[in-house]
Amino acid sequence: MADLNESRSDLPRSRARFVALGVAAALVFGALGGRLFQLQVLEGGRYAQIAQAARTIEVALPAPRGVIFDRTGRPLAINTPAWTMNARPADLPTDPSQRAWVLLRAARLAGVDLAALQQRIDAFHGSPYDLVPLVRGLSRESALVLGEQQATLPGIVVQVDSLRQYLDDKGSVSGTLLSHVLGYTGPVSGDELTQLSTQGYLPDDVIGRDGVEASFEDQLRGTYGRQIWERDANGRAVKVVDTVSKPVPGTNLMLTIDAHAQRVATESLLWGLQVAGVKQGVTMVMNPQTGEILAMVSLPAYDDNKFASGISAADYAAYLADPTKPLRNHAISDIYPPGSTFKLVTGLAALEEGVTTPTRLWPTYGCYQIPDAPAGQCLFDWNHAGFGPLNIVQAYFRSSDTFFYQMAINLGVERLGKWAQELGFGERTGIQLPGEAKGIIISKEWAQAQGRADVFTGELAQAGIGQNVIAVTPLQLMNAYAALANGGRLMRPMIVRGETDDAGNLVKPYEPELIRNLPASAADLQLMRIGARDVITSGHAYNIRDLRLPGALSGKTGTAEFGASTTPDGALPFHSWFVAWVPSAPGATDANLEVITFTYSAVVRGNVSLEVVKYFLQQWYGLDQDIRLDPRDFSLVAAN
């Protein structure tokens, strides 16, 4: 048989081709090996982190909010464990009717409105696997029932959470005694979260909403910690992988407020409002040496515990509809004509600017003819008979309107406005509470804002007695008189005394702050203090001079007309004021207690505010006398 290979001729082989193929293979496998080395060795850690991140999530650990104490160490705002009903949106039924049934059932068991639950879920902007707080501060009974019904309420989770709670001077849960001072905490809104998320705020976070809770939010909030949690395939956090940092509790704060003084001031004001049929008022207590506020009462008040636990729509609507505006701190946020209490400004300005001297006598009138006005255009004195010739001290303690009309007109707009500003009017005091108003003082700018070139002469005269254009906050007026009482130092009102340890002991005091020294002579300030003492001893302040106080009570009354007449005789409604302090001797500058009361539309024969301050002083000093007068008929309350 023939060999088949005999006729085959071998093709010439190329050594270069084999070499090229080998090099190419080496390059390909080398590149693959290098990439594999890069992925597994050089960048293995980074890709492991990416893989880890895909199945882990960072969770914030809320910090305990700082506790707030009064100046004696009484806790006023604390954190307490409380039941919270939450919803996890991802676990709620997807069927609309089933979802509605679950929420309705949960609302009924929790004793809240369905609309409120739905609103909180709709307002939430976090992950659908996050818990959305629906009701804070559940009763134990509601929490137990919800727990028992857990199987029939998919997506509803009940857990123990931290709830802000507000206490009174006796340690009882009570949110009305100090609501305007403390404020409250509330949930962060969706709009706020857009800005606050960069500062670490979470979709289910709370934030200070009013009072000290708002103005000291950064200190009270603390620093949140961080944990890494492993997630399952559905994105739910299932277990802790690592604790990156622990939460740092917020700073504990001590107020300048004495909760006992707050209680006494509240009870005194409540009595005055009730006996006179008045709905709205303010009482404050201050140390004029330091500017420390010892009590700040604004009535009516609101219950800040309602807000901390999630206020109902009905309760919130009732607050908003109340014409007395209980949500507003009337001590700092509303402005009123100061009436005769403003004669301090006019009198001190007249002395300093050389308009009058301590001994110069000025005529007073039953009705003062306005200069350059047609005959008969006059401004009445409260005493329609006039007082005859008076010097400035006599005019101040008798509160002659026509005397101070003349002082204001001779001063002129600029000089009267300048001294009002020196005493702190027309500008915020700078107290660390939100919502403080600036007030209004007389100026050409004010007139121009009304569409006129200048202030009318009659307006200027009325400004001299704290009427017409002049409008102040009770805190501004108190601070101005504190500067008189302490010898001429206008202090920044303080509401927080410093920082404390967990037991409420002061560890870092805040220093009092001087706004400015009044550019007034010691002699002129002394003269006005003597006039304030004479207000008491002359009987102009009724029988308050009979209080057996450890000092020489000094002060000033005020009645301020406002609004439009509602009576046939054309009389205007009026507010009443009284401010007082207790120096060791007449004219002394060592008083450490000052009290002011303002009562809104206190249209009775007597001065309601004076009687409130009298009642406060009786209680505060523990006097065994009760000389209150019924402001409606001047009868002794103790005899009724």
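In this chain, numbering begins with 1 at the start of the sequence shown. Heavy-atom basis, side chains included; hydrogens, waters and symmetry copies ignored.
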Original post:
Considering residues at least two apart in sequence or located in another chain, which fulfil the ring pair (Phe, Tyr, Trp, His ring centres under 6.0 Å) criterion with Tyr621?
Top reply: none

**OP:** Give the ring-plane orientation class for His575 versus Tyr336, where under 30° counts as parallel, over 60° as perpendicular and anything between as tilted.
**Re:** perpendicular

Original post:
Is the distance between the ring centroids of Phe342 and Phe425 less than 6.0 Å?
Top reply: yes

Original post:
Would you call Leu294 and Leu593 a side-chain contact if the rule is heavy atoms closer than 4.5 Å?
Top reply: yes

**OP:** Without swapping roles, check the side chain of Ser554 against the backbone of Ala532 for a donor-acceptor pair under 3.5 Å.
**Re:** no

Subject >> Residue pair Glu611 / Trp271, side-chain donor-acceptor N/O under 3.5 Å >> reply: no

Subject >> Main-chain N/O of Thr429 paired to Glu436 side chain as donor or acceptor, under 3.5 Å >> reply: yes

Original post:
Tell me, which pairs form a disulfide (SG to SG under 2.5 Å) where one or both residues lie in residues 392-462, sequence neighbours left out?
Top reply: none

Original post:
Looking at Phe562 versus Tyr600, is the centre-to-centre ring distance below 6.0 Å?
Top reply: yes

Original post:
Distance-only, no hydrogens or angles: does the Asp381 side chain make a donor-acceptor pair with backbone N or O of Thr402 under 3.5 Å?
Top reply: yes

**OP:** Mark yes or no for whether Asn607, through its side chain, and Ser576, through its backbone, hold a donor-acceptor pair below 3.5 Å.
**Re:** no

Original post:
Taking the six-membered ring for Trp, are Phe598 and Trp577 parallel (under 30°), tilted (30 to 60°) or perpendicular (over 60°)?
Top reply: tilted

Original post:
Should Arg548 and Asp624 count as an ion pair when the cut-off is N to O under 4.0 Å?
Top reply: yes

**OP:** Could you walk me through whether Glu594 and Asn287 pass side chain to side chain donor-acceptor pair (under 3.5 Å), step by step?
**Re:** CA-CA 6 Å; Glu594 177 191 5; Asn287 181 342; over 6 Å; no

Original post:
For the side chain of Thr473 and the backbone of Ile335, is there at least one donor-acceptor N/O pair under 3.5 Å apart?
Top reply: no

Original post:
Pairs in or reaching into residues 330-371: which pass disulfide (SG to SG under 2.5 Å), with residues at least two apart or in two chains?
Top reply: Cys367-Cys378

Subject >> Rounded distance [0.5 Å steps], OG in Ser538 versus CZ in Arg398 >> reply: 8.0 Å

Subject >> Gln448 atom CD: more than 12 heavy-atom contacts under 6.0 Å >> reply: yes

Subject >> Ring centers of Tyr615, Trp620 separated by less than 6.0 Å >> reply: no

**OP:** Return yes if some donor-acceptor pair links the side-chain N/O of Asn486 with the main-chain N/O of Ala482 below 3.5 Å, else return no.
**Re:** yes

Original post:
Would you say the side-chain atoms of Gln262 pair up with the backbone N or O of Met296, donor to acceptor, closer than 3.5 Å?
Top reply: yes

Original post:
With a 4.5 Å limit on heavy-atom distance, are the side chains of Asp70 and Met254 in contact?
Top reply: no

Subject >> Under 3.5 Å: donor-acceptor pair, side chain of Thr346, backbone of Gly464 >> reply: yes

Subject >> Close side-chain approach of Ile465 and Tyr405, heavy atoms under 4.5 Å >> reply: yes

Original post:
Hey, is the main chain of Phe634 close enough, under 3.5 Å, to the side chain of Asp630 for a donor-acceptor pair?
Top reply: no

**OP:** Report the residue from Leu76, Leu178, Leu433 that forms a side chain to side chain contact (heavy atoms under 4.5 Å, CB included) with Val212.
**Re:** Leu433

Subject >> Side-chain (Arg489) to main-chain (Gln289) donor-acceptor, under 3.5 angstrom >> reply: yes

